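As the structure is a computational prediction, the values presented were derived from the model and not from experiment.
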Amino acid sequence: MAHLEVEGICKGWEFPVIDELSFAVEEGEFFVVLGPSGIGKTTTLRLISGLETPDAGRILIGGTDQTRLPPYRRRIAMTFESYALYPHLSVYENIASPLRARRLPANERDKRVKDVAELLRIAHLLDRRPGEVSGGQKQRTALGRTLVADPEVFLLDEPISHLDAKIRHELRTQFHTLEDLRKVATVYVTHDYAEALSLGDRIGVMGTRGRLEQVGNPRDLFERPANLKVAEHLGQPTINVIPSRIRRDNNGLFLDSETGDLRLKLSGESEAALAGYSKDHVIAGLRPQYIRPIDEAADGMELLSAEVDVYEPLGTNGIMMANLGSMSLTALTDPEKHYETGQKVQIAVDVSGLHLFDADSQVRLTGIT
């Protein structure tokens with residue numbers, strides 16, 4: 001079994017970068033590490049590949065400790081964000097380079113290079129050099145060099161982040177269908193939440209000092225974020241963050257924004273989340289899809305008066321910044337409607353979509369379903 005285990009690895013220079021990071025990736029699993037730039041994602045891959053040596057902790061592949069092995073003795077293939085192609089070699093020779101290093105027979109080497117090139121739709125480019133192909137084709141060449149290596153672990157460092165939207169979508173589709181990726185443990189790092197949700201069998205959201213804030217399947221992380229940081233990482237436009245106070249009266253339980261511009265009557269699920277919660281302050285999170293301009297609110301929705309600050313038509317939907325006075329909310333709109341800055345609107349808020357977090361620790365209040 002070519003599974004990967006990362007056990008308590010630490011790495012720092014003049015400051016700590018990775019601090020007791022642990023996770024495991026099973027054979028055939030596509031594990032995505034999600035986080036902003038500079039958080040330690042690439043450092044993690046370099047530690048796994050042997051390009052960096054951890055200050056503490058262990059890296060095991062197939063149950064064997066490989067922490068101190070040099071890179072060439074680990075059966076790991078890595079695709080770099082910056083392509084890292086040999087400019088003087090053809091696309092064919094770039095893809096074949098790990099096979100030459102392993103001294104595979106020429107006929108086997110040729111077959112594997114051509115099979116991978118066909119899979120990635122770059123067979124017609126094999127005679128060209130990297131300077132003669134597009135950015136997307138360079139990235140496919142770098143990916144081909146990784147796939148052809150027949151490793152036990154694939155490491156993919158934001159391999160499609162610099163490509164245009166159409167090519168990114170096409171390559172994401174190919175990641176789903178590449179059988180070679182489903183035979184080994186794959187670690188894919190990205191700052192793009194859409195890539196993470198699309199590709200990951202499981203996702204680990206990376207926080208400060210390289211620690212994973214939460215690990216789980218895409219649906220669980222999106223619908224039940226463990227803390228506010230995870231909630232803000234997943235989703236575009238990002239979740240609305242509303243510092244609030246809890247108010248109780250004879251009519252039920254209410255959420256009042258600290259600015260005083262928003263009052264929401266909480267649903268039974270939110271009341272369950274607050275059971276036993278002794279503080280008056282809470283942080284509410286509400287994703288834009290639960291806020292919409294509307295003429296009439298449905299059951300379970302609050303209707304609020306607002307003014308349009310910014311409206312962005314995006315074709316399949318629109319994004320509106322709705323001003324409620326001292327605060328604004330980001331809302332999604334129907335694609336066929338258009339709004340002007342300063343226009344008065346009514347927005348409906350679906351309180352069933354509320355996420356509630358502790359005001360101090362920003363940890364999710366777990367009673368909510």
So, are [X] and [Y] salt-bridged, with charged N and O less than 4.0 Å apart?
{"X": "D256", "Y": "R245", "answer": "no"}
{"X": "D19", "Y": "K11", "answer": "no"}
{"X": "E93", "Y": "R100", "answer": "yes"}

Original post:
Stepwise, does the side-chain contact (heavy atoms from CB on, under 4.5 Å) test hold for V205 with K229?
Top reply: CA-CA 9 Å; V205 180; K229 186 175 293 185; 5.7 Å; no
Original post:
When Ile, Leu, Val, Met, Phe, Trp and Tyr are grouped by side-chain heavy atoms lying under 4.5 Å apart, directly or through other members, which residues fall in the same group as I319?
Top reply: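 Direct or chained contacts put I319 with L314, L332.
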Original post:
Which residues, ordered by chain and number, are linked to M321 in its hydrophobic cluster, where ILVMFWY side chains connect at heavy-atom gaps below 4.5 Å, directly or through other members?
Top reply: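 For the cluster that includes M321, the remaining residues are V310.
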Under 3.5 Å side-chain donor-acceptor pair for [X] and [Y]:
{"X": "S244", "Y": "E258", "answer": "no"}
{"X": "D220", "Y": "N217", "answer": "yes"}
{"X": "E213", "Y": "N227", "answer": "yes"}
{"X": "Y290", "Y": "N240", "answer": "no"}
{"X": "T259", "Y": "D261", "answer": "yes"}

Do other residues, nucleotides or ligands put more than 12 heavy atoms under 6.0 Å from the [atom1] atom of [X]?
{"X": "E118", "atom1": "CD", "value": "no"}
{"X": "E14", "atom1": "CD", "value": "no"}
{"X": "Y86", "atom1": "OH", "value": "no"}
{"X": "H338", "atom1": "NE2", "value": "yes"}
{"X": "R209", "atom1": "CZ", "value": "no"}

Quick test of your reading: applying salt bridge (Lys or Arg N to Asp or Glu O under 4.0 Å), list the pairs with at least one residue in [range], sequence neighbours left out, ordered by first then second residue.
{"range": "residues 36-47", "answer": "K41-E158, R46-E52"}
{"range": "residues 124-148", "answer": "R140-E170"}
{"range": "residues 277-286", "answer": "K279-D358, K279-D360"}

Closer than 3.5 angstrom, by distance alone: can the side chain of [X] be matched with the main-chain N or O of [Y] as a donor-acceptor pair?
{"X": "D201", "Y": "F30", "result": "yes"}
{"X": "R211", "Y": "I18", "result": "no"}
{"X": "T64", "Y": "L60", "result": "no"}
{"X": "E29", "Y": "V184", "result": "no"}
{"X": "S22", "Y": "E7", "result": "no"}
{"X": "Q214", "Y": "A226", "result": "yes"}
{"X": "Q139", "Y": "P159", "result": "yes"}
{"X": "R74", "Y": "L69", "result": "yes"}
{"X": "T44", "Y": "G40", "result": "yes"}

**OP:** Let me see the working for D110 and Y92 under side-chain hydrogen bond (donor to acceptor under 3.5 Å, both in side chains), right down to the final yes or no.
**Re:** CA-CA 9 Å; D110 186 66; Y92 179 101; 2.7 Å; yes
**OP:** Apply side-chain contact (heavy atoms from CB on, under 4.5 Å) to I61 and I76, showing your working.
**Re:** CA-CA 10 Å; I61 298 175; I76 288 176; 3.5 Å; yes
**OP:** Determine which pairs satisfy ring-ring contact (aromatic ring centres under 6.0 Å, His included) with at least one residue from residues 37-84, sequence neighbours left out, and list them in order.
**Re:** none
Tell me, please, which residues at least two apart from [X] pass ring pair (Phe, Tyr, Trp, His ring centres under 6.0 Å).
{"X": "H124", "value": "none"}
{"X": "F23", "value": "F31"}
{"X": "F357", "value": "none"}

Are [X] and [Y] packed together at the side-chain level, in the sense that at least one heavy-atom pair is separated by less than 4.5 angstrom?
{"X": "L286", "Y": "V241", "value": "no"}
{"X": "F154", "Y": "V25", "value": "no"}
{"X": "Y193", "Y": "H233", "value": "no"}
{"X": "I9", "Y": "I59", "value": "yes"}
{"X": "V32", "Y": "T186", "value": "no"}
{"X": "L354", "Y": "V349", "value": "no"}
{"X": "V215", "Y": "I203", "value": "no"}
{"X": "V187", "Y": "L156", "value": "no"}

Please tell me whether [X] and [Y] are part of a single hydrophobic cluster in this structure, the criterion being side-chain heavy atoms less than 4.5 Å apart.
{"X": "L324", "Y": "Y339", "value": "yes"}
{"X": "Y311", "Y": "L304", "value": "yes"}
{"X": "V363", "Y": "F222", "value": "no"}
{"X": "L365", "Y": "I239", "value": "no"}
{"X": "V308", "Y": "M327", "value": "yes"}

Can you name the salt bridge (Lys or Arg N to Asp or Glu O under 4.0 Å) partners of [X], sequence neighbours left out?
{"X": "E195", "answer": "none"}
{"X": "R75", "answer": "D150"}
{"X": "D115", "answer": "K111"}

Original post:
Which heavy atom of M206 sits nearest a heavy atom of L21, and at what distance?
Top reply: CE-CD2, 4.1 Å
**OP:** Determine the minimum heavy-atom distance between T67 and G57, stating which atoms define it.
**Re:**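 Closest approach of T67 to G57, heavy atoms only: CG2-O, 3.7 Å.
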**OP:** Tell me whether the guanidinium CZ or amine NZ of R263 lies under 6.0 angstrom from the six-membered ring centre of F254 and within 45° of its axis.
**Re:** yes
**OP:** Output, in order, the C-alpha distance, side-chain angles, deciding distance and verdict of side-chain hydrogen bond (donor to acceptor under 3.5 Å, both in side chains) for T42 and D157.
**Re:** CA-CA 6 Å; T42 297; D157 186 7; 3.1 Å; yes
